[in-house]
Participant: 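This structure is in structure tokens; I'll ask about it shortly.
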Amino acid sequence: MDKIRMMTPLVEMDGDEMTRILWQYIKDELITPFVDLKTEYYDLGLMHRNETDDQVTIDSAEATKKYGVAVKCATITPNAARVKEYNLKEMYKSPNGTIRAILDGTVFRAPIKVKGIEPCVKNWKKPITIARHAYGDIYKANEMIIPGPGKVELVYTDENGQETRALVHEFTSPGMVQGMHNLNKSIESFARSCFNYAVDTKQDLWFATKDTISKKYDHSFKDIFQEIFDTEYKEKFEELGITYFYTLIDDAVARVMKAEGGFIWACKNYDGDVMSDMISSACGSLAMMTSVLVSPSGVYEYEAAHGTVQRHYYKHLAGEETSTNSVATIFAWTGALRKRGELDGTPEIVSFADALERACIDTIESGRMTKDLALITELPNPTVLNSLDFIKAIRETLEKAL
């Protein structure tokens, strides 16, 4: 068959460890045999980020602004052990955090539903979508180790040189301190993205922080959301019969556990990071979660919601067989291809993305799956496939469908 033609390139961000291996498998088996793939390639593997002093991460984000759609592989955010392991020049910040800050978007994550892989929270009948703020907080924080007794203050110096000070802590012994920030503009973009997504999908929207403890930082989030809702979205929500409400993050967790799903749960950056993993794991696997960053200007970056699967990578390097679930990474590709097709007006690309997603689901529902799913499936006698054979099984299903 003739390959499906693309008009505009995707920005392709390669990554690290086992997901980098899967990335190439997916391209070789599921994309390039069917699509005349056009990408602008950026290697965000940790070694190349180190070689470029992380400039490649910034360049990939700027390219995403230019082309409008990106697909990203999972990447390492190094800790002290990784700095030593990879002989890094410095402990680089999260590439996802860097990209999100440049694009100023909101991350929407939702579980991939498959028959036979049922949520362990039995009352969840519909997917719960996590809307994660994608700027600031601990991902843009500055930190300091405090060696001994002394005073730490927050200092704001305005344009005229006038200082405002607030005591953080009087240290009497060693410790540590962290300074983080956010911006009204970014929170406003986050709020509008969430309200627009709720309107587009006709789902209720929840928002949760901890404003009773953080009476300025978190309370500002709450106030900005409420003001934008009241002035811009309240009537539209009422017309659609959907609701918006705010609650404390701990109350939201309790409510979520008793809910049926089918709503959007908006969270601050770190809360969204944690809660999306909870939702995906409860729905089957961290590899069964879609993730897309949407900027206010209409730029889209698709990625897997999980990490680089380090343990499997070391097994792979040792020549041992792995059974790594590639579904979320495949869905990152299909999401990006679908959006590229929608923006370019090429329905063949959209149809291919739909067919590949359906092939993933059909393959699992036929009983062929990776080990993580075989351990929790309600399907009888599942066949456990290794990493590459699972992708080849999807290709077989896809070819029959096409």
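If you're wondering where the values come from, they're calculated on a predicted model, not measured in any experiment.
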Participant: Restricting to side chain to side chain donor-acceptor pair (under 3.5 Å), what partner residues turn up for E238, sequence neighbours left out?
Facilitator: none

Participant: Does any N or O in the side chain of S280 come within less than 3.5 Å of the main-chain N or O of M289, such that one atom is a donor and the other an acceptor?
Facilitator: no

Participant: Can W23 and E12 be counted as having a side-chain donor-acceptor contact under 3.5 angstrom?
Facilitator: yes

Participant: What pairs of residues pass the ring pair (Phe, Tyr, Trp, His ring centres under 6.0 Å) test when at least one of them lies in residues 372-402, not counting sequence neighbours?
Facilitator: none

Participant: Indicate the atoms forming the closest heavy-atom contact of L248 with K210, along with that distance.
Facilitator: CD2-CA, 4.2 Å

Participant: If the condition is salt bridge (charged side-chain N to carboxylate O under 4.0 Å, His left out), which residues does D218 pass it with, not counting sequence neighbours?
Facilitator: K268

Participant: More than 12 heavy atoms of other residues, nucleotides or ligands under 6.0 Å from CE of M257: is that the case?
Facilitator: yes

Participant: Would you say Y135 and H181 are linked by a side-chain donor-acceptor pair, where the criterion is simply a distance under 3.5 Å?
Facilitator: yes

Participant: Would you say T377's side chain and L379's backbone share a donor-acceptor pair under 3.5 angstrom?
Facilitator: yes

Participant: Counting heavy atoms not belonging to K89, are there more than 12 under 6.0 Å from its NZ?
Facilitator: yes

Participant: For S214, does its backbone N or O pair with a side-chain atom of D211 as donor and acceptor, under 3.5 Å?
Facilitator: no

Participant: Classify the ring geometry between F221 and Y217 as parallel (under 30°), tilted (30 to 60°) or perpendicular (over 60°).
Facilitator: parallel

Participant: For K126, does the NZ atom have more than 12 heavy-atom neighbours from other residues, nucleotides or ligands under 6.0 Å away?
Facilitator: no

Participant: Any chance you could lay out the side chain to side chain contact (heavy atoms under 4.5 Å, CB included) test for Y25 and L30, step after step, and finish with the verdict?
Facilitator: CA-CA 8 Å; Y25 287 168; L30 301 178; over 6 Å; no

Participant: First locate atom CH2 of W265, then atom CD of Q203, and finally report the distance between them rounded to the nearest 0.5 Å.
Facilitator: 14.5 Å

Participant: Apply salt bridge (charged side-chain N to carboxylate O under 4.0 Å, His left out) to residues E153 and R165 and explain how you reach the verdict.
Facilitator: CA-CA 7 Å; E153 294 180 300; R165 292 175 174 266; 2.6 Å; yes

Participant: So, using side chain to side chain donor-acceptor pair (under 3.5 Å) as the criterion, who are the partners of R358 when residues are at least two apart?
Facilitator: D362

Participant: Whether the Y313 and D16 side chains hold a donor-acceptor pair (N or O, under 3.5 Å, no angle test) is what I'd like checked.
Facilitator: no

Participant: Would you check if I264 and C194 make a side-chain contact, meaning some heavy-atom pair closer than 4.5 Å?
Facilitator: no

Participant: Is a salt bridge present between E342 and R340, judged by a nitrogen-to-oxygen distance below 4.0 Å?
Facilitator: no

Participant: Is there a donor-acceptor pair under 3.5 Å between the side chain of W124 and the backbone N or O of V256?
Facilitator: yes

Participant: Indicate yes or no for a side-chain donor-acceptor contact from K125 to the backbone of E260 under 3.5 Å, with no hydrogens or angles considered.
Facilitator: no

Participant: For K258, does the NZ atom have more than 12 heavy-atom neighbours from other residues, nucleotides or ligands under 6.0 Å away?
Facilitator: no

Participant: Minimum heavy-atom separation for D204 to T243, with atom names?
Facilitator: OD1-N, 2.9 Å

Participant: Which pairs pass salt bridge (charged side-chain N to carboxylate O under 4.0 Å, His left out) with one or both residues in residues 282-301, sequence neighbours excluded?
Facilitator: none

Participant: Indicate the ring-plane relationship of F195 and F229, choosing parallel, tilted or perpendicular according to the 30° and 60° boundaries.
Facilitator: tilted

Participant: Is the CG atom of D200 crowded by more than 12 outside heavy atoms at less than 6.0 Å?
Facilitator: yes

Participant: Taking T8's backbone N and O only, do any of them form a donor-acceptor pair with D344's side chain (distance below 3.5 Å, no angle check)?
Facilitator: yes

Participant: Please check if atom CD in E235 has more than 12 non-hydrogen atoms from other residues, nucleotides or ligands closer than 6.0 Å.
Facilitator: no

Participant: Establish, from distance only, whether the side-chain atoms of N184 and E188 form a donor-acceptor pair under 3.5 Å.
Facilitator: no

Participant: Not counting sequence neighbours, which residues clear side-chain contact (heavy atoms from CB on, under 4.5 Å) with E51? List them please.
Facilitator: H48

Participant: For the residue pair S291 / H306, report whether a side-chain donor-acceptor contact shorter than 3.5 Å exists.
Facilitator: no

Participant: May I ask you to say whether E29 pairs ionically with R395, meaning some side-chain N is under 4.0 Å from a carboxylate O?
Facilitator: yes

Participant: Please check if the number of heavy atoms outside Y41 that lie under 6.0 Å from its OH is greater than 12.
Facilitator: yes

Participant: Could you give me the CA-CA distance, side-chain angles and deciding distance for K392 and E396, then say whether salt bridge (charged side-chain N to carboxylate O under 4.0 Å, His left out) is met?
Facilitator: CA-CA 6 Å; K392 287 184 174 180; E396 180 185 322; over 6 Å; no

Participant: Can you name the residues that form a ring pair (Phe, Tyr, Trp, His ring centres under 6.0 Å) with Y197, not counting sequence neighbours?
Facilitator: F108

Participant: So, T98 and T57: side-chain donor and acceptor under 3.5 Å apart, yes or no?
Facilitator: no

Participant: Using a strict cut-off of less than 4.0 Å between a Lys/Arg side-chain nitrogen and an Asp/Glu carboxylate oxygen, indicate whether K315 and E17 qualify as a salt bridge.
Facilitator: no

Participant: With sequence neighbours left out, what residues match Q24 under side chain to side chain donor-acceptor pair (under 3.5 Å)?
Facilitator: D28

Participant: Taking the six-membered ring of Y300, is the NZ or CZ of K339 close enough (under 6.0 Å from the centre) and on axis enough (within 45°)?
Facilitator: yes

Participant: Applying side chain to side chain donor-acceptor pair (under 3.5 Å), name anything that partners E232, two or more places apart in sequence or on another chain.
Facilitator: R192

Participant: Where the side chain of S220 meets the backbone of K216, is there a donor-acceptor pair that is under 3.5 Å apart?
Facilitator: yes

Participant: Hey, is K72 close enough to D14 for a salt bridge, meaning N to O under 4.0 Å?
Facilitator: no

Participant: Excluding sequence neighbours, so at least two apart, what forms salt bridge (charged side-chain N to carboxylate O under 4.0 Å, His left out) with D251?
Facilitator: R255

Participant: Just by distance, do the side chain of K93 and the backbone of Y139 share a donor-acceptor pair under 3.5 Å?
Facilitator: no

Participant: Would you tell me whether T19 and T308 have side-chain atoms, one donor and one acceptor, within less than 3.5 Å of each other?
Facilitator: no

Participant: Are any side-chain N or O atoms of S186 and backbone N or O atoms of N182, one a donor and one an acceptor, separated by less than 3.5 Å?
Facilitator: no

Participant: Taking atom NZ of K371 as the centre, report whether more than 12 heavy atoms of other residues, nucleotides or ligands fall under 6.0 Å from it.
Facilitator: no

Participant: With no hydrogens and no angle check, just 3.5 Å: does a side-chain donor-acceptor pair link E40 and Y67?
Facilitator: yes

Participant: Please, which pairs that meet salt bridge (charged side-chain N to carboxylate O under 4.0 Å, His left out) have at least one residue in residues 131-140, sequence neighbours excluded?
Facilitator: R132-D273

Participant: Kindly state each residue pair satisfying salt bridge (charged side-chain N to carboxylate O under 4.0 Å, His left out) with at least one member in residues 97-109, sequence neighbours excluded.
Facilitator: R100-E303, R109-E303

Participant: So F207 and F245, ring pair (Phe, Tyr, Trp, His ring centres under 6.0 Å) or not? Walk me through it.
Facilitator: CA-CA 6 Å; F207 178 51; F245 80 95; over 10 Å; no

Participant: Side chains of T212 and K215: is there a donor and an acceptor less than 3.5 Å apart?
Facilitator: no

Participant: Strictly distance-based, threshold 3.5 Å: is any side-chain N or O of D53 a donor or acceptor partner for the main-chain N or O of Q55?
Facilitator: no

Participant: Given side chain to side chain contact (heavy atoms under 4.5 Å, CB included), test W333 with V35 step by step and report yes or no.
Facilitator: CA-CA 12 Å; W333 274 101; V35 177; over 6 Å; no

Participant: If only side-chain N and O atoms count, and only distance matters, is there a donor-acceptor pair under 3.5 Å linking T322 with H316?
Facilitator: no

